[in-house]
Amino acid sequence: MAVLVIAEHDNASLKDATAKTVTAAAKVGGDIDVLVAGKGASAAAESAGKIDGVRAVIHVDHDLLEYQMPEAMEATVVALMDGYDAVLSPDGKTHQAYMPRVAARLDTQQISSVTGIEGDTFERPIYAGNAVAYVKSGDPKKVVTVRTTAFAPAGEGGSASVKSESADIGDTGSAFVSEELSKSDRPELTGAKIVVSGGRGMGSGENFSLLEGIADKLGAAMGASRAAVDAGYVPNDWQVGQTGKAVAPELYLAVGISGAIQHLAGMKDSKVIAAINKDEEAPIFSVADYGLVADLFKALPELEAELAKVGY
Amino acid sequence: MKVLVPVKRVLDYNVKARVKPDQSGVDLSNVKMSMNPFDEIAVEEAVRMQEKSVATETIAVSIGPAKAQETIRTALAMGVDRGVHVTTDEDLEPLAVAKILKAVAEAEGAELILMGKQAIDNDYGATGGMLSAMLGWPIGQYANTIETKEGALTVKREIDGGLQTVELRLPAVVTTDLRLNEPRYASLPNIMKAKRKPIEAKTPADYGVDTAPRLTVVKVTEPKTREAGVKVEDAAALVDKLKNEAGVI
Ligand SMILES: Cc1cc2nc3c(=O)[nH]c(=O)nc-3n(C[C@H](O)[C@H](O)[C@H](O)COP(=O)(O)OP(=O)(O)OC[C@H]3O[C@@H](n4cnc5c(N)ncnc54)[C@H](O)[C@@H]3O)c2cc1C
């Protein structure tokens, strides 16, 4: 058995999601290689070699891999699959965009967003997390995306070698034009220890500054409900939920969020959930460990002041 | 440009799924079913393209049981020209669905396939990607904005870190994200008109597609439930609990 793990990186550095996916790969069993496909990503490839349990790092450098576009990633991954029985990637959008293309080329049914692996059985949430499916795959080569919040990162004692391989990508029919990335010094949403999220109740984008003060004090990432994103208060990549990002921090603070099924799907695996909402019947309170029934415009400045009192 | 829009009949997004006691799956008897919301967004986009004379014809295709016809009628009432219903009572996996869609796209000579980024029942998020690779077409995943030009599309995509714009050569597949548009409600006259629009009946066998499942469902269970906790008096009490009881700050 050999398993290929696809690294998450931004060319400059390797992301934690990679080491978490390696943990998932170890549960599948067999030798684990990590593919770092990008442009000028050799530092990320070096870091991948340090992950515990990695046999080798395959570094593919190509102009067309700079943005890891689906067509280019498909060509790169499929070309390597002769040597592997399974390929695993994190389940962020970058990977979700190309993994089905890999699966189709291998004539395999992809297993998406797995939260557990036991022997040959994969666990995955369905119906916005209101049901959990346990499935076995009969396909000779398995294509799996991993809900990284469900796996601890593998350690950092490895010393795997990095081999460079070339990719034959050809004409993809798609071209990168531009990118508008939301700039932030805060931790990444999917890996953060604390997430502070706002919903429609925040009322405007400006009002999110009430949450930002708290997030800065706690070193937290910022998240949001779909309604807050749709209303244009905050960028789309802040959306937590069934169709946004899945998070499982130590602490999830939901403010002005009602707690729709689709939102809960993305945060109910958090260790501790706290909620501030003026409606005591809001469904968010049915999953919150600590609920504060209050007007957020009063509660948030108080919360910031109380945090300051205990040293934040 | 001929536009194909796959539509799926799913458990309505407002209904909480219930797991069957025998753990064989989710109970879909006597519950409200609707068009997958992401597919509604795809239908809306296709109809807008037709209104702007960018699309010459729009075709909705659904693969599913007899009742999936209702889903196609919804698309027709929103403005799509005609439907193709590939009837099956099996709960097909994305791989099989993509194979059927490929055959439909080829039979219809579609140049653009607009579809949901994921179905909110199985949450695979795989069909669009699979279909694009089977056709050898480029894909614009998670579209926030689509602009059409001669022989190509500019797609602004919702990605993990923000937004990314790509240019795709046609033919292409584009999957929809939530911010692409707000789907219209069909008007009563359009609902009436939709009843007379044609729906072609097909089966997976007509396309020679092997739909045998690749995954075996061992069981489907309820998720771990969370207990509601306690209400706190004020912000000070909240900080105290988070710090001294939960130890998370
Ligand atoms: C296909 C599909 C996919 C979806 N995916 C997602 C997803 O991934 N993530 C997601 O979040 N949603 C998703 N949704 C949307 C979801 O169904 C809800 O509509 C959304 O989560 C609601 O957001 P909200 O809680 O911010 O808004 P609302 O439900 O409007 O809740 C606002 C809350 O703020 C409270 N409030 C208002 N003012 C104050 C105040 N001054 N002080 C305190 N509290 C106040 C109110 O009491 C209320 O509880 C999806 C929906 C569909 C159909």
Side-chain angles (χ1 to χ4, degrees), chain A residues 70-71 74 92-94 96-97 100-101 103-105 109-110 112 121 126-139 172-182 218 226 230 235-237 243 250-251 261 268 272 274 285-293 299 302-303 306-307 310, chain B residues 11 16-17 19 26 93-95 98 118 120-126 129-130 132-134 137-139 141-142 144 154 158-169 178-179 214-223 226 228-232 234-236 238-239 241-243 246 248-249:
Chain A
E71 302 80 4
E74 170 206 332
K93 278 181 153 175
T94 307
Q96 286 182 0
R101 291 183 66 108
R105 291 278 305 279
Q109 175 53 50
Q110 170 174 312
S112 310
T121 303
I126 55 174
Y127 288 87
N130 287 307
V132 184
Y134 294 81
V135 299
K136 281 185 207 277
S137 165
D139 287 317
T172 63
S174 86
F176 172 85
V177 178
S178 63
E179 226 165 42
E180 302 154 47
L181 301 183
S182 9
L218 295 173
R226 173 193 174 178
D230 282 6
N236 60 276
D237 53 307
T243 66
E250 296 279 300
L251 170 63
I261 317 174
K268 69 184 163 91
V272 171
F285 288 128
S286 66
V287 298
D289 301 283
Y290 303 111
L292 175 56
V293 181
E302 284 173 8
L303 183 59
E306 290 300 329
L307 286 170
V310 296
Chain B
L11 181 66
K16 192 171 172 195
V19 172
V26 164
E93 292 171 351
L95 186 70
Q118 87 192 66
I120 60 162
D121 51 4
N122 275 325
D123 285 334
Y124 276 112
M130 288 178 163
S132 69
M134 288 174 186
W137 295 0
I139 187 165
Q141 295 267 40
Y142 324 129
N144 173 287
T154 305
E158 295 198 356
I159 60 169
D160 284 329
L163 292 163
Q164 180 187 72
T165 305
V166 296
E167 188 167 303
L168 307 178
R169 187 178 57 214
L178 294 167
R179 265 65 61 177
R214 304 298 186 81
L215 303 181
T216 318
V217 178
V218 181
K219 62 178 177 183
V220 174
T221 65
E222 299 271 356
R226 275 190 95 99
V230 296
K231 294 268 167 58
V232 296
D234 53 21
L238 182 58
V239 169
K241 291 278 192 197
L242 294 177
K243 192 171 166 62
V248 288
I249 62 168

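Just so it is clear: chains get the letters A, B, ... in the order the sequence lines come, proteins before strands, and each one is counted from 1.
The nearest pair of heavy atoms linking A:Val177 to B:Glu167 is CG2-N, 3.7 Å. For the residue pair B:Val248 and A:Glu250, the shortest heavy atom distance occurs at CG1-O, 3.6 Å. Shortest non-hydrogen contact noted between A:Gln110 and B:Leu215 is O-CD1, 4.4 Å. Closest heavy-atom contact between A:Gly173 and B:Pro138: O-CG, 3.5 Å. Taking both residues in full, the closest heavy atoms of B:Leu95 and A:Gln109 are given as N-OE1, 2.9 Å, listed atom of the first, atom of the second, then distance. The two residues B:Met130 and A:Ala104 have their closest heavy-atom pair at O-CB, 3.5 Å.
Put simply, the side chain of A:Asn236 gets close to the backbone of B:Gly162: a donor and an acceptor are under 3.5 Å apart. Not a single donor-acceptor pair under 3.5 Å links the side chain of A:Tyr134 to the backbone N or O of B:Thr221. Put simply, the side chain of A:Asp289 never gets that close to the backbone of B:Gly229: no donor and acceptor are under 3.5 Å apart.
Per-residue counts of heavy-atom pairs under 4.5 Å with chain B were compared for A:Ala288, A:Ser178, A:Pro235, A:Ala128; the largest is that of A:Ser178. With chain A as the partner, the residue from B:Leu168, B:Val217, B:Val230, B:Val19 showing the most heavy-atom pairs under 4.5 Å is B:Val230. Interface remark: of the candidates B:Ile139, B:Leu238, B:Asp234, B:Ile139 forms the most heavy-atom pairs closer than 4.5 Å to chain A. Per-residue counts of heavy-atom pairs under 4.5 Å with chain B were compared for A:Ala274, A:Ala299, A:Pro70, A:Ser182; the largest is that of A:Ser182. Ranked by heavy-atom pairs under 4.5 Å with chain A, the first of B:Val218, B:Val166, B:Asp121 is B:Asp121. The choice from A:Ser112, A:Gly92, A:Gly291 that makes the most heavy-atom pairs within less than 4.5 Å of chain B is A:Gly291. When the candidates B:Gln164, B:Glu93, B:Met134, B:Lys16 are compared by the number of heavy-atom contacts under 4.5 Å with chain A, B:Gln164 comes out ahead. Listed options A:Glu306, A:Arg101, A:Glu179 were ranked by heavy-atom pairs under 4.5 angstrom with chain B; first place goes to A:Arg101. With chain B as the partner, the residue from A:Thr121, A:Val293, A:Thr94, A:Ile126 showing the most heavy-atom pairs under 4.5 Å is A:Ile126. The greatest number of non-hydrogen atom pairs below 4.5 Å with chain A, out of B:Gln141, B:Glu222, B:Lys243, is found for B:Gln141. The residue among A:Ala97, A:Gly138, A:Ala103 with the most heavy atom pairs within less than 4.5 Å of chain B is A:Ala97.
The shortest distance between side-chain heavy atoms of A:Lys268 and B:Pro223 falls below 4.5 Å. Residues B:Arg179 and A:Arg226 are in side-chain contact: their nearest non-hydrogen atoms beyond the backbone lie under 4.5 Å apart.
For chain A, the nearby parts of B:Val232 are the backbone and the side chain; heavy atoms of each come within less than 4.5 Å. Contact of A:Glu71 with chain B is made through the side chain alone, with heavy-atom distances under 4.5 Å. With a threshold of 4.5 angstrom between heavy atoms, A:Ile261 approaches chain B through side-chain atoms but not through N, CA, C or O. For B:Lys231, the parts lying under 4.5 angstrom from a heavy atom of chain A are both the backbone and the side chain. Neither the backbone nor the side chain of B:Ala98 comes within less than 4.5 Å of any heavy atom in chain A. Heavy-atom distances place the side chain of A:Leu218, and not its backbone, under 4.5 Å from chain B.
Atom-to-atom distance recorded for B:Asn144:CG and A:Glu180:CD is 9.0 Å, nearest 0.5 angstrom. Atom-to-atom distance recorded for A:Asp237:CG and B:Glu158:CD is 8.5 Å, nearest 0.5 angstrom. Note that OG1 of A:Thr243 and OH of B:Tyr142 are 11.5 Å apart. Values are rounded to the nearest 0.5 Å. With rounding to the nearest 0.5 angstrom, the CZ atom of B:Arg169 is 7.5 Å from the OG1 atom of A:Thr172. From A:Phe176, atom CZ reaches atom OG1 of B:Thr165 across 7.5 Å, with rounding to the nearest 0.5 Å. The line from NZ of A:Lys93 to CD1 of B:Ile159 is 9.0 Å long, rounded to the nearest 0.5 Å.
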